[in-house]
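Below is one structure, written out as structure tokens; comments come after it.
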Amino acid sequence: MNQADLAVLVRAASFAATRHRDQRRKDEAASPYINHPLALADLLVNEGDVADIDIIVAALLHDTIEDTNTTADEIEQAFGAVVRGIVEEVTDDMSLPRQMRKRIQVEHAPGLSSRARAVKLADKICNLRDVVDSPPAGWPIDRCRDYFDWAKAVIDGLRGEHERLEALFDDVYGRRP
Ligand code: ZN
């Protein structure tokens with residue numbers, strides 16, 4: 001990795017940490033939210049063998065538009081149009097009801113770019129690992145199972161480009177409660 005890539009990587013991690021600073025995950029311990037985008041980046045690099053800096057940076061930023069007041073324009077100014085595009089592809093329209101957002105993710109999966117597919121795979125793998133290892137507070141087993149099945153429906157729509165990540169998804173899906 002060259003110096004420019006290293007610089008943007010650290011800048012993205014710091015940007016995400018700042019934007020998510022007041023947020024917590026849904027697990028029992030209410031872990032800091034930043035653990036989640038860091039887990040995606042770690043998975044992509046160290047388990048998925050992904051070396052595309054735009055994918056790693058987009059993974060670090062993937063929830064900033066959806067869950068904070070960050071805009072797509074800000075991301076483009078700070079990280080460029082490619083990263084903006086990937087983040088926008090994996091951002092849900094939070095003005096829609098949850099069930100509709102979930103259906104749209106399934107419908108849109110086949111149309112995602114290759115880079116957005118990598119981020120989406122990492123997001124679903126990390127979320128399923130979290131559901132198994134530190135379940136969201138108050139989730140009955142049926143809700144955990146529904147979440148697994150919905151994640152699989154999304155991923156089944158984008159297979160064929162990231163064999164290693166897809167295998168990691170299948171591994172965690174095999175731990176369905
Ligand atoms: Zn996420």
Side-chain angles (χ1 to χ4, degrees), residues 1-21 23 25 31-94 101-102 104-130 150-173:
M1 175 172 283
N2 62 41
Q3 182 64 29
D5 283 355
L6 186 57
V8 74
L9 180 72
V10 174
R11 198 154 50 80
S14 178
F15 182 96
T18 303
R19 296 302 164 109
H20 290 298
R21 67 185 177 274
Q23 292 177 304
R25 296 286 286 166
S31 311
Y33 198 89
I34 190 62
N35 291 13
H36 170 62
L38 289 174
L40 265 69
D42 186 20
L43 168 94
L44 285 164
V45 174
N46 294 311
E47 294 182 69
D49 286 341
V50 172
D52 179 331
I53 186 68
D54 291 321
I55 292 176
I56 312 304
V57 168
L60 287 168
L61 302 171
H62 80 280
D63 278 333
T64 57
I65 297 178
E66 194 171 298
D67 292 338
T68 79
N69 57 13
T70 302
T71 66
D73 283 339
E74 271 183 285
I75 293 194
E76 179 163 347
Q77 277 168 23
F79 302 101
V82 171
V83 170
R84 175 207 178 126
I86 303 167
V87 174
E88 282 194 298
E89 279 191 84
V90 299
T91 295
D92 284 356
D93 180 349
M94 296 302 276
R101 295 199 309 267
K102 293 183 81 167
I104 288 172
Q105 279 203 36
V106 176
E107 290 169 2
H108 284 182
L112 292 179
S113 69
S114 179
R115 285 167 164 148
R117 287 174 193 226
V119 176
K120 183 67 81 176
L121 275 156
D123 195 26
K124 293 289 180 269
I125 293 164
C126 289
N127 282 335
L128 293 194
R129 286 179 180 178
D130 283 347
W150 165 70
K152 185 171 185 302
V154 174
I155 296 308
D156 283 348
L158 54 71
R159 287 179 188 270
E161 296 207 27
H162 299 285
E163 199 177 338
R164 198 175 170 89
L165 292 170
E166 290 162 25
L168 290 167
F169 178 84
D170 293 334
D171 285 348
V172 69
Y173 186 79

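From a predicted model like this one, the values you see are computed outputs, not experimental measurements. The residues of the chain are indexed from 1 along the displayed sequence.
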*Determine the minimum heavy-atom distance between K102 and W150, stating which atoms define it.*
O-NE1, 3.0 Å

*Any side-chain donor paired with an acceptor under 3.5 Å for H62 and D123?*
yes

*Got a sec, which residues hit ring pair (Phe, Tyr, Trp, His ring centres under 6.0 Å) with H108, two or more places apart in sequence or on another chain?*
none

_Restricting to non-hydrogen atoms, name the atom on E166 and the atom on E161 that form the minimum distance, rounded to 0.1 Å._
OE2-N, 3.3 Å

*asked:* How close do V106 and V154 get, counting heavy atoms only, and between which atoms?
replied: CG2-CG2, 3.8 Å

*Taking only residues two or more places apart in sequence, or in another chain, which ones meet H162 in a ring pair (Phe, Tyr, Trp, His ring centres under 6.0 Å)?*
none

*Looking at side-chain heavy atoms only, is the closest gap between N127 and R25 below 4.5 Å?*
yes

*Mind listing the closest non-hydrogen atom pair of K120 and V90 along with its distance?*
NZ-O, 4.2 Å

*Return the minimal non-hydrogen interatomic distance between I86 and D54, and the atom names on each side.*
CD1-O, 3.7 Å

*Would you give the length of the straight line joining atom CG of D49 to atom CD of E163, rounded to the nearest 0.5 angstrom?*
12.0 Å

*Could you check T91, T71, T70 and say which one makes a side chain to side chain contact (heavy atoms under 4.5 Å, CB included) with T64?*
T70

_Is it the case that the side chain of E89 and the backbone of S113 share a donor-acceptor pair, with hydrogens and angles ignored and the cut-off at 3.5 Å?_
yes

*R101 bridged to E66 by N-O distance under 4.0 Å*: no

*Looking at CG of D92 and CD1 of I65, how far apart are the two atoms once the value is rounded to the nearest 0.5 Å?*
11.5 Å

